[in-house]
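Bear in mind the structure is a predicted one, so any value in this text is a computation, not a measurement.
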Amino acid sequence: MKLLKDILYRAGISNVIGSTHIAVEHIAMDSRQVKTFTAFVAVRGVAADGHDFIEQAIDNGAIAIICEKIPASQREGVTYVEVPNSAEALGYIASNFFDNPSENIKVVGVTGTNGKTTTATLLYCLARAMGFKAGLLSTVVNRVDTLTLNATHTTPDAISINRIMSEMVEAGCEFCFMEVSSHALHQHRTTGLRFAGALFTNITHDHLDYHKTFNEYIKTKKILFDTLPSSSFALVNNDDRNGDVMLQNCKAGKKTFALQSMADYKAKVVENSFAGLHLMLDGHDIYTKLIGAFNAYNLLGVYAVAVELGLNKLEVLTSLSTLEAPEGRFQYIKTKDEITAVIDYAHSPDALKNVLNTIREIRGGNEKVITVVGCGGDRDKEKRPVMARIAADMSDRVVLTSDNPRSEEPDEILAQMKSGLDSVQSKKTIAVSDRREAIKLACTLAQQGDIILIAGKGHEKYQEIKGVRHPFDDFQITNETLYALAK
């Protein structure tokens with residue numbers, strides 16, 4: 001229980017009708033979750049406006065309403081608080097309500113287009129391997145030390161973030177590693193949090209359906225670094241030209257990592273194969289189970305963060321060699337016929353190119369690369385022809401298929417993907433809208449030694465069609481198909 005006046009600290013109050021000296025037992029941004037003695041924050045979202053549900057929230061027991069515009073008529077016994085930006089206010093309110101947990105745990109935010117999940121997960125696993133209690137907020141899963149919680153968004157809403165972080169503090173966690181998406185930054189889900197440090201992986205074409213322009217996308221990512229305190233560290237990939245952009249006007253201690261350019265933290269890929277990576281990192285030979293140059297960046301970033309957090313270098317280097325990639329990140333199956341199937345979450349042009357480059361680097365010679373790829377519905381349409389073109393340029397055969405079509409027609413998405421292909425590329429490409437059948441076709445086409453890439457969904461265990469999530473697991477379907485064909 002908290003007094004309303006206490007949880008409103010830093011929320012930017014413009015006007016108040018009623019008393020703020022009232023006890024609040026719950027906070028909510030969804031009127032359906034309101035119960036007695038709840039402070040309801042009316043947030044203007046992409047799909048709905050919380051202001052339209054103020055009356056419903058009061059009917060459900062709300063005793064305080066935080067909003068950007070106080071209703072013309074007010075209910076007796078309800079306190080109304082007007083703020084300039086409800087989403088921003090919610091960040092502070094949630095932090096205050098849960099006793100500002102980010103101030104009692106070392107929080108490291110990981111942002112960028114690709115590598116967020118892998119980097120955050122590896123940091124969590126590294127800390128655990130070194131004997132620390134730690135928490136994780138990621139696309140795949142949320143963890144409070146050993147407790148696993150389901151993840152529904154790359155970055156949860158402000159209330160969920162602070163609730164989970166408070167559980168981490170209670171569990172004795174010393175660190176919290178979290179993915180920080182551009183959507184979360186734009187929607188103020190991380191407002192009010194105190195970061196011990198932040199890491200920038202890279203930035204490429206993605207989410208322009210939401211941000212509209214690439215410059216806006218970059219500016220949004222930069223918010224994380226602009227708000228870092230001077231006591232924290234800002235670590236950026238110096239091989240990405242936007243790394244310098246992230247550090248502009250940043251108050252934190254600035255550090256860089258790179259494989260190709262000068263940087264504070266350096267690494268070199270000595271060998272890259274399906275057996276894993278051999279790296280020269282900070283003057284030490286490291287052998288890891290992870291595969292690909294993109295994972296060399298992820299591992300280097302993890303090492304740099306760990307050192308910036310004050311962990312022992314040699315212990316960090318030793319523990320790095322034990323780490324494994326998260327589910328759905330270059331996860332592979334090898335059959336007795338030497339057919340290799342790679343399942344990867346790559347769903348942006350750059351991520352797809354990285355995975356195919358990795359396959360190209362480690363292939364033996366004459367084996368074919370067969371790629372299955374789609375693009376999500378209700379998302380950035382500009383990348384659809386680009387994704388198809390990359391797949392066709394870097395593969396011997398391509399099967400275009402559905403990803404999560406959501407509200408769109410799969411065949412229309414496929415037509416937009418095919419529009420990026422020239423006549424030569426089109427000849428080695430086939431479109432199969434049913435993803436299960438597309439995977440089966442790719443497996444049927446594969447011969448001894450060939451490599452199949454199933455891209456786009458990775459860890460996801462569903463396919464979203466017309467608002468319904470149907471059970472679907474790329475890894476399971478691929479494994480079952482290859483096993484049946486081998487009989």
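Between Asp350 and Asn114, the side chains place a donor N or O and an acceptor N or O closer than 3.5 Å (distance only, hydrogens not considered). One side chain, His51 or Asp49, offers a donor N or O that lies under 3.5 Å from an acceptor on the other. For the residue pair Arg189 / His183, no side-chain donor-acceptor distance below 3.5 Å is found, with atom types taken as modelled. With 3.5 Å as the limit, one finds no donor-acceptor pair spanning the side chains of Asn202 and Tyr297. Side-chain N/O atoms of Asn298 and Asn295 include a donor and acceptor closer than 3.5 Å.
Of the inter-residue distances, the one linking Ser14 atom OG with Asn85 atom CG reads 10.5 Å to the nearest 0.5 angstrom. With rounding to the nearest 0.5 Å, the separation of CE in Met394 from CG in Leu356 is 5.0 Å. Note: Thr121 OG1 to Leu137 CG = 10.5 Å, rounded to the nearest 0.5 Å. Separating the CD1 atom in Ile333 from the OG1 atom in Thr340 is a distance of 10.0 Å, to the nearest 0.5 Å. Once rounded to the nearest 0.5 Å, the distance linking OG of Ser102 with CG of Asn162 reads 6.5 Å. Rounded to the nearest 0.5 angstrom, Leu193 CG and Cys176 SG are separated by 8.5 Å.
Inter-residue side-chain proximity for Glu408 and Lys381 is flagged as met; some heavy-atom pair is nearer than 4.5 Å. Residues Thr190 and Leu224 form no side-chain contact, since every pair of their non-hydrogen atoms from C-beta on lies 4.5 Å or further apart. When side chains are defined from C-beta on, Lys2 counts as touching Asp99, because their heavy atoms get closer than 4.5 Å. Annotation: side chain of Phe233 is not in contact with side chain of Lys255 (no heavy-atom distance under 4.5 Å). The shortest distance between side-chain heavy atoms of Thr79 and Leu4 falls below 4.5 Å. A 4.5 Å side-chain heavy-atom check between Thr119 and Leu199 finds at least one atom pair inside the cut-off. Two residues are said to be in side-chain contact when any heavy atoms from C-beta on lie closer than 4.5 Å; Phe177 and Val110 fail this criterion. Val107 places a side-chain heavy atom less than 4.5 Å from the side chain of Met178.
Just one residue in the list Ile13, Val83, Asn96 forms a side chain to side chain contact (heavy atoms under 4.5 Å, CB included) with Leu8, and that residue is Ile13. With Lys457 as reference, Asn404 is the one residue of Asn404, Asp474, Asp403 to meet the side chain to side chain donor-acceptor pair (under 3.5 Å) rule.
Considering all non-hydrogen atoms of both residues, Pro101 and Val169 come closest at O-CG2, 3.6 Å. Leu3 approaches His21 most closely through the heavy-atom pair CD2-C, 4.2 Å. Across every non-hydrogen atom of Ala87 and Val43, the tightest pair is CB-CG1, 3.9 Å. In terms of heavy-atom proximity, Ile413 sits nearest to Cys375 at CG2-O, 3.5 Å. Residues Thr478 and Ala341 come closest through the heavy atom pair CG2-CB, 3.6 Å. When all heavy atoms of Glu324 and Leu122 are compared, the closest pair comes out as O-CD2, 3.5 Å.
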For this session: Could you check Arg329 against Val140 for side-chain contact (heavy atoms from CB on, under 4.5 Å), going step by step and ending with a plain yes or no?
Result: CA-CA 11 Å; Arg329 268 64 178 178; Val140 178; 3.6 Å; yes

For this session: Just do the side-chain contact (heavy atoms from CB on, under 4.5 Å) check on Leu235 and Tyr265 with the steps written out, would you?
Result: CA-CA 10 Å; Leu235 182 64; Tyr265 295 94; 4.2 Å; yes

For this session: Might you work through the side-chain contact (heavy atoms from CB on, under 4.5 Å) test for Phe53 and Asp30, ending with a clear yes or no?
Result: CA-CA 8 Å; Phe53 300 94; Asp30 185 336; over 6 Å; no

For this session: Start with the C-alpha gap between Thr201 and Asn237, add the side-chain angles, then the distance that decides, and say whether side-chain hydrogen bond (donor to acceptor under 3.5 Å, both in side chains) holds.
Result: CA-CA 6 Å; Thr201 59; Asn237 177 358; over 6 Å; no

For this session: Walk me through it: do Tyr303 and Asp282 pass the test side-chain hydrogen bond (donor to acceptor under 3.5 Å, both in side chains)?
Result: CA-CA 9 Å; Tyr303 172 76; Asp282 204 11; 2.3 Å; yes

Problem set entry | CA sep, side-chain torsions, deciding dist, call: Gln248, Lys222, side-chain contact (heavy atoms from CB on, under 4.5 Å) | CA-CA 9 Å; Gln248 291 171 5; Lys222 185 170 157 40; 3.9 Å; yes

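Under the 3.5 Å distance criterion, the side-chain polar atoms of Asn238 are left unmatched by any main-chain donor or acceptor of Ser261. A distance-only check finds no donor-acceptor pair linking the side chain of Glu167 to the backbone of Ile164 [under 3.5 Å]. At distances below 3.5 Å, at least one donor-acceptor pair connects side-chain atoms of Asp239 with backbone N or O atoms of Leu259. No donor-acceptor pair under 3.5 Å is formed between the side chain of Thr38 and the backbone N or O of Phe40. Side-chain N or O atoms of Thr111 include one that pairs as donor or acceptor with a backbone N or O of Val180 at under 3.5 Å. A side-chain donor-acceptor contact under 3.5 Å links Lys116 to the backbone of Gly112. The closest donor-acceptor contact from the side chain of Lys133 to the backbone of Ala171 lies under 3.5 Å. Judged by distance alone, with hydrogens and angles left aside, the side-chain atoms of Thr220 form no donor-acceptor pair with the main-chain N or O of His186 at under 3.5 Å. Using modelled atom types, one side-chain atom of Asn272 and one backbone atom of Gly292 make a donor-acceptor pair closer than 3.5 Å. Side-chain atoms of Thr118 do not come within 3.5 Å of backbone N or O of Gly115 as any donor-acceptor pair.
Salt-bridge check for Arg128 with Asp145: passed, with a basic side-chain N closer than 4.0 Å to an acidic carboxylate O. Salt-bridge formation is not detected for the pair Lys353/Asp393: no Lys NZ or Arg NE/NH1/NH2 atom is positioned less than 4.0 Å from an Asp or Glu carboxylate oxygen. Between Glu464 and Arg469 there is a salt bridge, with a side-chain nitrogen of the basic residue lying less than 4.0 Å from a carboxylate oxygen of the acidic one. Remark: Glu103 does not engage Arg194 in a salt bridge, criterion side-chain N to carboxylate O under 4.0 Å. A salt bridge does not link Asp264 with Lys254: none of the charged nitrogens is closer than 4.0 Å to a carboxylate oxygen.
The environment of Lys334 atom NZ is dense: over 12 non-hydrogen atoms of other residues, nucleotides or ligands sit within 6.0 angstrom. Crowding of Lys251 atom NZ: a count of heavy atoms from other residues, nucleotides or ligands under 6.0 Å not exceeding 12. Counting heavy atoms of neighbouring residues, nucleotides and ligands inside a 6.0 Å radius, atom CZ of Phe37 does not exceed 12 of them. Arg241 CZ: 12 or fewer foreign heavy atoms inside a 6.0 Å radius. In the displayed structure, Glu170 atom CD is contacted under 6.0 Å by at most 12 heavy atoms of other residues, nucleotides or ligands. Surrounding OH of Tyr9 are at most 12 heavy atoms belonging to other residues, nucleotides or ligands under 6.0 Å away.
Between Phe294 and Phe330, the two ring planes are tilted [angle within 30° to 60°]. The aromatic rings of Phe274 and Tyr332 lie tilted to each other, with the angle between the two planes from 30° to 60°.
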